[in-house]
**Q** 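Would you mind keeping the following structure in view while I ask a few things?
This one's a predicted model, so the numbers in the text were calculated from it and none came from an experiment. Residue numbers begin at 1 in each chain, while the letters A, B, ... track the order of the sequences.
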Amino acid sequence: MYALVDGNNFYVSCERAFRPSLVGRPVVVLSNNDGCAIARSNEAKALGIAMGAPWFKIQHLAESSELVALSANFALYGDLSDRMMSLAAGLGPKQEIYSIDESFIDLTGVRGNLVERSFKIRSRILQWVGIPCCIGIGPTKTLAKLANHVAKTAERKPGIYPEQLAQICDFGSLSPDAFELVLAATPVQEVWGIGRRIAEQLNAGGVMTALDLIRIDAATIRAKFSVVVERTVRELQGTACMDLDDAPAPKKEIACTRSFGHPVTALSDLNEAVTHFASRAAEKLRKQGSTAQQLMCFIRTSPFRQDAQYSRSVCMPLRRPTADTATLVTAALSGLKGIYRPGFNYAKAGVMLMDLQADTVHQRELAFDEQEEIRDRSPLMATLDGLNQRFGRGTVLMASAGLAGERRAWVMKQERRTPAYTTCWDDMAIAKA
DNA sequence: TCTGGGGTCCTAGGACCC
DNA sequence: TCTGGGGTCCTAGGACCC
């Protein structure tokens, strides 16, 4: 048996934990650059705000419906996530942290009443961290995920599922008939692994609900779709095809990409931005103990503007695997120089590190070129990371990143950000008697 | 005026090998 | 006139996830 513990409207709940006045109000959290809604409170969902709705299209609701919009505050969300995860881990012996707000728990060997135990964990997370969550339980990960969907929907929209399934839903405790009713009330697109495209094709073939899907035999699905969809169907039918992954593998690629706060035209501005992205990507790379053998750099205009369009990327093979910021920034800037064309309004740029390998692997080289000195700068990088961790991101950076004091067009817009209450001394909330 | 960021996996087809 | 069989690796594109 698996459980899925999932924070409700997670980013919004994090904001509410420190601003209780937001409880009961329609709230959205905006993406970087205050672009579009990436989290919505139940009240905001009730206003009809879609996931990913552009802010400028829903902004009028701030006046008419007292909608509150906040800039994403990932420092806060990450920290509250850690706290929630450590409490969720108490549900069973093994945990897989699947995303910032979700974790699977392996319930093997857990005795007693799973539903009661889940309610206890849920109320502990609510009391200690301030995040409401729902828990789904099922014999496979896909079923646990579906049970979680049922638990959340039963709480938010009465009438679709039995109300006793709200907050905690254990498929294991449902009769076969009750289970079928639940599946029949679930659109096929709500199943984990069935996205918009596959759902369209299924719907066209008359497969509308999870119950319809579960009744198709796996071989037919395999023939019509793929082994991926087949796995989803088998999981729905109760055959576990996915194990709990409690030790995630290192990333195979690491990216840092951003949209700009304002259109950028000058190469000098792009140089600063790309320096930042390459530096940040390099930092992530070192954190996971990897080196990169290839770097990709891209720039693009906005596809949403009636403007001359330009989009190009370039791959830069590296002389040898590296996690050195200076080397990576140099490669990124030289790539950028090659693809930059003047006269465009650039909206976004990014750096991706690829062909990663463990930094414990060292390829010996013959010294063909006596002039070339291979210097190990990893102690310097460790110092750099240490300073930036202790005194804050950007304390020490490459000169080509530019000076932070100046107003820079490419810096992303974050006009409604709340304080980093739990990760910055200056932002700490003060309790008044 | 204003539309996010960061990942993974699978498949088909081409190039190439013996 | 007749033109094999089996395999690997790489890439691009599509689909999915949060």
Side-chain angles (χ1 to χ4, degrees), chain A residues 4 6-11 28-40 49-60 62 69-74 77-78 81 96-104 141-142 145 148-149 152 188-202 221-232 235 241-242 245 248-263 277 280-281 284-285 288 294 296 298 300-307 313 315 345 347-356 409 412-416:
Chain A
L4 180 72
D6 187 329
N8 298 352
N9 313 326
F10 186 67
Y11 297 165
V28 293
V29 170
L30 302 175
S31 63
N32 276 340
N33 243 345
D34 296 343
C36 53
I38 53 171
R40 305 156 294 155
I49 298 173
M51 185 66 170
W55 169 234
F56 71 92
K57 286 189 183 170
I58 56 174
Q59 200 169 4
H60 64 276
L70 300 168
S71 303
N73 182 349
F74 290 112
Y77 311 151
S81 170
E96 171 189 341
I97 295 175
Y98 178 68
S99 74
I100 192 161
D101 68 329
E102 292 170 70
S103 69
F104 287 102
K141 285 166 85 172
T142 303
K145 191 89 170 143
N148 186 278
H149 167 78
K152 274 198 283 191
V188 76
Q189 227 216 284
E190 301 300 338
V191 174
W192 189 41
I194 305 296
R196 191 169 50 85
R197 286 294 168 80
I198 307 272
E200 274 171 18
Q201 294 175 53
L202 285 168
I221 288 287
R222 172 76 173 257
K224 272 198 159 163
F225 296 95
S226 67
V227 64
V228 186
V229 184
E230 180 194 3
R231 205 147 51 202
T232 293
E235 283 246 322
C241 305
M242 290 183 268
D245 185 10
K251 300 219 180 306
K252 296 173 181 174
E253 44 192 46
I254 286 175
C256 183
T257 69
R258 290 282 179 283
S259 298
F260 303 137
H262 300 277
F277 304 155
R280 177 76 188 114
K284 293 188 201 173
L285 184 69
Q288 84 157 20
Q294 194 166 190
M296 189 271 270
F298 75 86
R300 62 172 306 164
T301 53
S302 168
F304 300 108
R305 282 173 67 117
Q306 304 295 315
D307 226 2
S313 67
C315 279
N345 287 312
K348 187 172 180 175
V351 169
M352 281 182 79
L353 305 179
M354 299 177 303
D355 297 354
L356 309 189
M412 67 185 175
K413 200 161 65 181
Q414 287 195 306
E415 290 170 350
R416 306 148 182 277

**Q** For the atom pair CZ (A:F104) and CG (A:N148), what is the distance rounded to the nearest 0.5 Å?
**A** 8.5 Å

**Q** Taking the side chain of A:S259 as its heavy atoms from C-beta onward, which of B:dT3, B:dG5, B:dT8 lies nearest to it?
**A** B:dG5

**Q** It should be established whether A:S99 places a side-chain nitrogen or oxygen under 4.0 Å from OP1 or OP2 of nucleotide C:dC17.
**A** no

**Q** OP1 or OP2 of B:dG6 versus the side-chain N and O atoms of A:R258: is any pair under 4.0 Å?
**A** yes

**Q** Out of B:dT8, B:dG7, B:dT3, which nucleotide sits closest to the side chain of A:F56?
**A** B:dT3

**Q** Return the value, rounded to whole Å, for the distance between atom CZ of A:F74 and atom P of B:dG4.
**A** 12 Å

**Q** For A:I100, answer base if it contacts any base atom (sugar-phosphate contacts may also be present), sugar-phosphate if it contacts only those atoms, and nothing otherwise; contact means non-hydrogen atoms under 4.0 Å.
**A** nothing

**Q** If you only use heavy atoms from C-beta on, which nucleotide in B:dG7, B:dG4, B:dG5 is closest to the side chain of A:T257?
**A** B:dG5

**Q** If you measure from CD on A:Q189 to CG on A:L202, what distance do you get to the nearest 0.5 Å?
**A** 10.0 Å

**Q** Rounded to whole angstroms, how far apart are CE on A:M242 and P on C:dC17?
**A** 11 Å

**Q** So, A:R231 and A:E235, do they make that salt bridge, N to O below 4.0 Å?
**A** no

**Q** Please pick, from B:dC2, B:dG6, B:dT3, the nucleotide with the shortest atom-to-atom distance to any side-chain atom of A:K57.
**A** B:dT3

**Q** Each nucleotide in nucleotides 9-14 of chain C should get exactly one letter: B, S or -. Can you fill that in based on protein heavy atoms under 4.0 Å?
**A** ------

**Q** Could you state the CG-P distance from A:L4 to C:dC17, rounded to the nearest angstrom?
**A** 14 Å

**Q** Classify A:K251 by what it touches in the nucleic acid, base, sugar-phosphate, or nothing, heavy-atom distance under 4.0 Å.
**A** sugar-phosphate

**Q** Starting from the 5' end of DNA chain B, give me the residue, A:R305 or A:R231, whose nearest nucleotide shows up first.
**A** A:R305

**Q** Can you give me the dot-bracket string for DNA chain C, 5' to 3', counting Watson-Crick and G-U wobble pairs with both distances under 3.5 Å, using [ ] for crossing pairs and | for partners on another strand?
**A** ....||||||||||||||

**Q** Select base, sugar-phosphate, or nothing to describe what A:D34 touches, counting heavy atoms under 4.0 Å on all strands.
**A** nothing

**Q** CG of A:L356 to CD of A:Q294: how many Å apart, nearest 0.5 Å?
**A** 10.5 Å

**Q** Expressed in angstrom and rounded to an integer, what is the separation of A:Q288 atom CD from B:dG7 atom P?
**A** 9 Å

**Q** Remember a base hit wins even if backbone is also touched, and classify A:E253 as base, sugar-phosphate or nothing at under 4.0 Å, heavy atoms.
**A** base

**Q** Show your working on side-chain contact (heavy atoms from CB on, under 4.5 Å) between A:Y98 and A:D6 and close with a plain yes or no.
**A** CA-CA 10 Å; A:Y98 178 68; A:D6 187 329; over 6 Å; no

**Q** What is the distance, to the nearest angstrom, from the CD atom on A:Q189 to the C1' atom on C:dA15?
**A** 12 Å

**Q** Please give, in whole Å, the distance from C:dC17 C1' to A:R196 CZ?
**A** 14 Å

**Q** Angle between ring planes, A:F277 versus A:F260, binned at 30° and 60°: parallel, tilted or perpendicular?
**A** parallel

**Q** Where the side chain of A:C36 is defined as all heavy atoms beyond and including C-beta, which of B:dG7, B:dG4, B:dT1 is the nearest nucleotide?
**A** B:dG4

**Q** Which value, rounded to the nearest 0.5 Å, describes the distance between A:F74 atom CZ and A:I100 atom CD1?
**A** 7.0 Å

**Q** Strictly below 4.0 Å: does A:K145 bring a side-chain N or O up to OP1 or OP2 of C:dC18?
**A** yes

**Q** Taking only N and O in the side chain of A:K348, is any of them less than 4.0 Å away from OP1 or OP2 of B:dG5?
**A** yes

**Q** Taking for each residue the nucleotide of DNA chain B with the nearest heavy atom, is it A:V227 or A:Y11 whose nucleotide lies nearer the 5' end?
**A** A:Y11

**Q** From B:dC2, B:dG7, C:dC18, pick the nucleotide closest to the side chain of A:Y98?
**A** C:dC18

**Q** Just the rounded figure in Å: distance from P of B:dT3 to CD1 of A:I58.
**A** 13 Å

**Q** Classify A:L30 by what it touches in the nucleic acid, base, sugar-phosphate, or nothing, heavy-atom distance under 4.0 Å.
**A** nothing

**Q** Identify the heavy atoms of A:F225 and A:Q201 that sit nearest to each other, and give their distance.
**A** CE2-OE1, 3.5 Å

**Q** Heavy atoms from C-beta onward define the side chain here; which of B:dG7, B:dG4, C:dC18 lies closest to that of A:N32?
**A** B:dG4

**Q** Is there a side-chain contact between A:L4 and A:K141, using heavy atoms and a 4.5 Å cut-off?
**A** no

**Q** Quick check for you: to the nearest 0.5 Å, what is the distance between A:I49 atom CD1 and A:I58 atom CD1?
**A** 4.5 Å

**Q** In whole angstrom, what separates A:N9's CG from C:dC18's C1'?
**A** 14 Å

**Q** Could you tell me if the side chain of A:Q414 sits less than 4.5 Å from the side chain of A:N32, heavy atoms only?
**A** yes

